[in-house]
Visitor: 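Encoded as structure tokens, here's the structure I'll be asking about.
In what follows, every chain begins at residue 1, and chains take the letters A, B, ... in the order their sequences are listed.
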Amino acid sequence: MSDTITQTSDKTPAIIVDHVTKTFLKRNTHSLKEAFVGWTKGKKVRADVFHALDDVSFQIGEGESVAVLGFNGSGKSTTLKMVSGVMQPDQGRVFTKGRVAGLIEVGAGFHPDLSGRENVYLNAAILGMSKEQIDARFDDIVEFSEIGDFIEQEVKHYSSGMFMRLAFAVAIHVDLDVLLVDEVLAVGDEAFRKKCSDKLKELAQQGVTMLIVSHSMGMVQDLCTRGIVIHEHKVLFDGPIKEAVQIIRTTPH
Amino acid sequence: MTTIDLNDYDVPGRSRGILDVIRWRYLLTLLVRKGTATRYRNSTLGWTWSYVKPLIQFFIYFVVMGFIFGMDRGTDNFPLYLFSGFITVQFFNEAFGNATTAIVGNKALVRKIYLPRELFPLAAIINAFIHFLPQLAILVVVALIYGWIPNLLEIGALLLGLALIGLLALGLGLLFAGLNVRFRDAENFAEIIRQLATWASPVLYTWQLIQEHLGNAVLYVYMCNPITVAVELMHFAFWSPTVRANDDDYTRGWAGFAPHFEFYILGAVVVGILLLVIGQSVFRRFERTFAQDL
């Protein structure tokens, strides 16, 4: 592998995904016994290789807002997990520049038995914030979440909407250069959704790079300028968001 | 077309292993606090359980070993001997057990957000240590009742013993936590190790009995167990100062360490460091596929 990569976006890229392939093993047996019984009956015992991503390459320039589109199981979320570092590619390389934070299933770090306040601190620290930063932003977070006095309550007593609002509020107040968003904007009621997408637009204007995975065509057209369509684990299209949405609507499932 | 200088870029998910914990120490303190805060949530007796459970177990062993098998007659201050060794092994068992399930137990986080995964086993071990402190407090009280006045050397032995247990639990904990993600057999195997730990160290009996009944060759192997070394250090720290007065009767009191004990200490430290290196490298090897195996 070479040590340099040719730049394909107009601006300096913040995210580089270079010929990334990810394979999973699809196991046909789950225990020694099952494997043995299967083997005596002449069934397939060894695992199958399943390509989740097949030679995917793209670059996202600094400050760009890009949507990753595709049908269920096409590899969108896997792509995001590669960029966030949760998963490692089997082949190819991924690079990022600056601080990366994910709104990937916000609230994953919440503990039901801790109070809202304790959870804010825990989750913000998980996303890489220091104590001083959290102290400074705590009031903003609570205000944005519209939780109010419930912040001292244990999270298990929250309604699901309150839970998601608090989790989203924490994630959105993290210092970052690159934001990864995976299907989280189905949060709360109409008014709160509007508030969230306004906040994302504000971040985009501040020059935050965004990579968004969503099935909501309205939202991605609102937030993004460019779309990458992943179909059957390969990049099918990479270009203006309008065309990308058109392609996803006309591609047979 | 321009080319990109990759030196400005980070590779996501690439960590420096256990060293990254220094940068993430604030999160580590929060994870530890979460563990202590939620441990006895919704229980009315709360931390009382941390005292009651080991005490019950201690009394069972004390009755069985002390009275039924007569260790109490052969060993002075046997309850102190028993308890100081017992909580040491207990500390190891809890630290190692918690660390083994730390990654699987934090599945939701490991699958979704990248952070140095070593944090979870490490937090589990620190939690086990905090949980060990009440037991240590009971031990100190019991020792004081027996007239315990330690000198610096004995305090040093106490710290070295606990450090050894911590090191060992971390090395083995990382190894098993990493393996456990793909092979849940690791959890069961770890449990066997924990069951053996009490019996493979001089907790319920003295090392002299090993020499007497199994011979010197077995004693050499027996002493190579780092937990045994830690337990003996704890006996030296807590039990030996209270039984030194009985020097005329060696079989009942402190008869000194096993022969060549200084080499066994050195060996235990080397084994501990070796296990940490192995544990960390296996952990990193398996870490690459944590998110997809969970």
Side-chain angles (χ1 to χ4, degrees), chain A residues 2-8 12-16 18 22 24-25 52 59 78 81-90 93-102 104-115 118-119 121-134 154 178 182, chain B residues 1-15 20-21 23-43 103 105-117 119-120 123 182-185 284-294:
Chain A
S2 65
D3 283 335
T4 52
I5 291 175
T6 310
Q7 182 173 329
T8 58
T12 321
I15 302 171
I16 304 170
D18 182 42
K22 180 77 193 171
F24 291 123
L25 289 179
Q59 292 176 10
T78 309
K81 282 182 175 168
M82 301 282 165
V83 177
S84 71
V86 169
M87 281 187 187
Q88 301 279 321
D90 290 321
R93 294 177 292 177
V94 180
F95 297 97
T96 56
K97 195 175 186 180
R99 286 155 303 179
V100 180
I104 303 165
E105 301 215 28
V106 282
F110 273 32
H111 193 292
D113 281 334
L114 295 178
S115 73
E118 289 166 308
N119 267 312
Y121 275 84
L122 182 61
N123 232 28
I126 285 169
L127 294 173
M129 275 167 88
S130 70
K131 186 175 189 311
E132 294 72 35
Q133 283 175 321
I134 309 171
E154 287 167 10
V178 178
D182 189 2
Chain B
M1 284 286 163
T2 43
T3 52
I4 300 160
D5 182 12
L6 292 175
N7 289 325
D8 300 341
Y9 290 82
D10 305 316
V11 177
R14 196 61 58 81
S15 77
D20 258 359
V21 168
R23 201 157 55 82
W24 288 79
R25 61 191 178 281
Y26 177 56
L27 178 59
L28 183 65
T29 61
L30 287 184
L31 287 175
V32 169
R33 212 177 298 162
K34 177 180 106 175
T36 52
T38 55
R39 182 173 192 119
Y40 292 114
R41 233 354 113 96
N42 299 328
S43 88
I103 298 296
N106 284 291
K107 197 186 271 196
L109 270 178
V110 173
R111 287 179 60 178
K112 280 158 196 158
I113 298 167
Y114 177 76
L115 31 113
R117 276 80 176 237
L119 281 170
F120 300 114
R182 196 173 305 171
F183 309 105
R184 293 295 149 85
D185 312 67
R284 294 194 74 158
R285 168 81 183 68
F286 279 89
E287 189 189 11
R288 296 175 62 83
T289 55
F290 276 177
Q292 63 208 59
D293 285 336
L294 278 169

Visitor: Would you give the length of the straight line joining atom CZ of B:Arg39 to atom CG of A:Asp113, rounded to the nearest 0.5 angstrom?
Guide: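 Rounded to the nearest 0.5 Å, the CZ-CG separation comes out at 14.0 Å.
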
Visitor: Working to the nearest 0.5 Å, report the span between OG of A:Ser130 and CZ of B:Arg25.
Guide: 10.0 Å

Visitor: So which heavy atom on A:Val86 is nearest to which on B:Arg117, and how close?
Guide: O-NH2, 3.4 Å

Visitor: What distance do A:Asn123 atom CG and B:Ile113 atom CD1 have between them, rounded to the nearest 0.5 Å?
Guide: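 It is 6.0 Å, given to the nearest 0.5 Å.
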
Visitor: Answer whether the closest heavy-atom distance between the side chains of B:Leu115 and A:Leu127 falls below 4.5 Å.
Guide: no

Visitor: Measuring from A:His111:NE2 to B:Leu109:CG, what's the distance to the nearest 0.5 Å?
Guide: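 Result: 10.5 Å between the selected atoms.
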
Visitor: Considering all heavy atoms of both residues, which atom of B:Pro12 and which atom of A:Val83 are nearest to each other, and what is their separation?
Guide: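 For B:Pro12 and A:Val83, the tightest heavy-atom pair comes out as CB-O, 3.2 Å.
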
Visitor: Side chain, backbone, both or neither: which part of A:Ile15 has a non-hydrogen atom closer than 4.5 Å to chain B?
Guide: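 The answer is neither part of A:Ile15.
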
Visitor: Looking only at non-hydrogen atoms, find the nearest pair between A:Leu114 and B:Thr38 and report the distance.
Guide: CD2-CG2, 3.8 Å

Visitor: So with a 6.0 Å cut-off around CZ of B:Arg285, is the heavy-atom count from everything else above 12?
Guide: no

Visitor: Could you check if a side-chain atom of A:Thr96 sits within less than 4.5 angstrom of a side-chain atom of B:Val11, using non-hydrogen atoms only?
Guide: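 Sidechains of B:Val11 and A:Thr96: no contact.
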
Visitor: Specify which of B:Tyr9, B:Tyr114, B:Trp24 makes the most heavy-atom pairs with chain A at under 4.5 Å.
Guide: B:Tyr9

Visitor: Is A:Pro112 in contact with chain B via its backbone, its side chain, both, or neither, using a 4.5 Å heavy-atom distance?
Guide: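 Neither part; nothing is under 4.5 Å.
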
Visitor: Which atom names give the shortest non-hydrogen contact between A:Met129 and B:Tyr26, and what distance separates them?
Guide: O-CD2, 4.0 Å

Visitor: If you measure from NZ on B:Lys34 to CD on A:Glu118, what distance do you get to the nearest 0.5 Å?
Guide: 11.5 Å

Visitor: Under a 4.5 Å heavy-atom cut-off, does chain B meet the side chain of A:Phe95, its backbone, both or neither?
Guide: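 Both parts, heavy atoms under 4.5 Å.
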
Visitor: Given a strict heavy-atom distance threshold of 4.5 Å, which part of A:Val94 is in contact with chain B: side chain, backbone, both, or neither?
Guide: both

Visitor: If every non-hydrogen atom of A:Lys81 is compared with every non-hydrogen atom of B:Arg111, which pair is closest and at what distance?
Guide: CE-O, 3.6 Å

